[in-house]
Amino acid sequence: MKSGPDVFSIEDLRRENVAGWDGVRNYQARNFMRAMRKGDLAFFYHSNTEPPAIAGLMEIIQEAHPDPTSEESGWDQVKVKFVKAFPRPLSLDDIKRIPSLRTMVLLRHSRLSVQPITPSEWKCLIKILGK
DNA sequence: GCCAACGTTGGC
DNA sequence: GCCAACGTTGGC
């Protein structure tokens with residue numbers, strides 16, 4: 001799940017502990033949020049920053065429900081809880097260099113703000129980042 | 001700040 | 001239903 005750190009960062013989430021992942025206004029991204037289940041883990045990716053990187057880990061604590069910041073209906077948010085901030089974030093540049101991560105949606109559809117990760121990608125990322 | 005990629009809108 | 005125009009995202 002991506003967010004520009006000037007808008008909302010992993011440190012903001014650490015401070016708030018729990019937050020609604022609001023503002024998603026893209027159907028594909030929304031549908032991926034709807035597929036999330038309570039207890040799922042998600043990476044927090046810092047976009048629009050230097051360097052863009054996977055910065056933290058969070059847990060889905062409430063499944064998709066209407067986004068209170070949306071004036072039209074049909075847009076959802078999930079609630080996320082801080083799990084950890086990685087002491088050494090994994091930059092986009094690093095990700096591009098790791099052969100088993102070449103399949104990541106991140107590299108193919110760079111604009112999609114909520115995206116799925118395959119089990120093997122997940123294992124690889126956790127191994128590098130530490131859990 | 002630029003621009004490629006890509007989603008959305010609206011005229012036809 | 002097509003497609004041009006336009007807006008947004010996000011890497012660089």
Side-chain angles (χ1 to χ4, degrees):
Chain A
M1 303 178 84
K2 302 200 247 180
S3 175
D6 5 331
V7 180
F8 187 72
S9 73
I10 188 70
E11 290 310 318
D12 293 326
L13 182 59
R14 187 209 293 277
R15 211 169 301 123
E16 295 175 28
N17 192 45
V18 165
W21 200 270
D22 58 28
V24 173
R25 297 292 182 272
N26 170 284
Y27 291 107
Q28 248 191 309
R30 182 204 63 188
N31 292 342
F32 286 126
M33 278 207 300
R34 286 182 175 175
M36 292 172 171
R37 291 298 164 253
K38 197 175 165 180
D40 285 350
L41 294 175
F43 289 114
F44 191 134
Y45 178 88
H46 280 168
S47 62
N48 265 308
T49 189
E50 195 46 50
I54 296 177
L57 192 64
M58 52 199 175
E59 182 186 341
I60 309 305
I61 58 163
Q62 189 182 344
E63 296 177 8
H65 56 282
D67 179 345
T69 70
S70 176
E71 283 172 19
E72 29 171 34
S73 61
W75 296 116
D76 290 352
Q77 67 168 14
V78 292
K79 278 211 177 83
V80 298
K81 184 174 181 292
F82 178 83
V83 174
K84 74 176 295 180
F86 296 115
R88 198 190 169 301
L90 186 66
S91 72
L92 178 60
D93 220 47
D94 293 335
I95 292 170
K96 284 179 181 166
R97 285 200 199 92
I98 300 164
S100 46
L101 297 180
R102 294 242 168 87
T103 52
M104 281 187 71
V105 175
L106 184 68
L107 304 183
R108 289 161 182 265
H109 299 284
S110 60
R111 290 182 46 191
L112 189 59
S113 66
V114 180
Q115 37 180 274
I117 290 183
T118 67
S120 66
E121 289 161 0
W122 183 273
K123 271 181 217 150
C124 179
L125 288 165
I126 287 291
K127 201 168 145 193
I128 296 163
L129 286 158
K131 197 163 181 178

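As the structure is a computational prediction, the values presented were derived from the model and not from experiment. Letters A, B, ... are given to chains in the order of the sequence lines, protein chains preceding strands, and every chain is numbered from 1.
- Residues Glu11(A) and Ala85(A) share a closest heavy-atom pair of OE2-CB, 3.9 Å.
- Atom CD of Glu72(A) and atom P of dT8(B) are 11 Å apart (whole Å).
- Between Lys2(A) and dT9(C) there is no side-chain N or O to OP1 or OP2 distance below 4.0 Å.
- Between Tyr45(A) and dG11(C), a side-chain N or O to OP1/OP2 separation shorter than 4.0 Å is present.
- Under the 4.5 Å side-chain heavy-atom criterion for ILVMFWY residues, a single connected hydrophobic cluster contains both Leu92(A) and Leu129(A).
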(request) Report the C-alpha distance between Val80(A) and Ile60(A) in whole Å, list the side-chain angles of each, state the deciding distance to 0.1 Å, and finish with yes or no for side chain to side chain contact (heavy atoms under 4.5 Å, CB included). (result) CA-CA 5 Å; Val80(A) 298; Ile60(A) 309 305; 3.9 Å; yes
(message) Expected output check: what is the dot-bracket annotation of DNA chain C, where ( ) and [ ] are pairs inside the strand (brackets for crossing ones), | is paired with another strand, and pairs are Watson-Crick or G-U under 3.5 Å?
(response) ||||||||||||
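- Atom-to-atom, NZ of Lys96(A) to C1' of dC12(C) comes out at 9 Å; the value is rounded to the nearest Å.
- A salt bridge links Asp12(A) and Arg15(A); the closest N-O separation between the charged side-chain nitrogens and carboxylate oxygens is under 4.0 Å.
- One interatomic measurement links the two molecules: CD of Gln115(A) to C1' of dG7(B), which rounds to 16 Å at whole-angstrom precision.
- Atom NE2 of His46(A) and atom P of dG10(C) are 13 Å apart (whole Å).
- Among Lys38(A), Lys79(A), Arg37(A), the one residue that satisfies the salt bridge (Lys or Arg N to Asp or Glu O under 4.0 Å) test with Glu63(A) is Arg37(A).
- Between the P atom of dG10(C) and the CG atom of Leu106(A) lies a distance of 10 Å, rounded to the nearest Å.
- When the C1' atom of dG10(C) is taken as reference, atom CG of Leu92(A) falls 10 Å away, rounded to whole Å.
- Using cut-offs of 30° and 60° on the angle between ring planes, the pair Trp21(A) and Phe8(A) is perpendicular.
- Spacing between atom CH2 of Trp75(A) and atom C1' of dT8(B) amounts to 10 Å, rounded to whole angstrom units.
- The CZ atom of Arg111(A) sits 11 Å away from the P atom of dA5(B) (whole-angstrom rounding).
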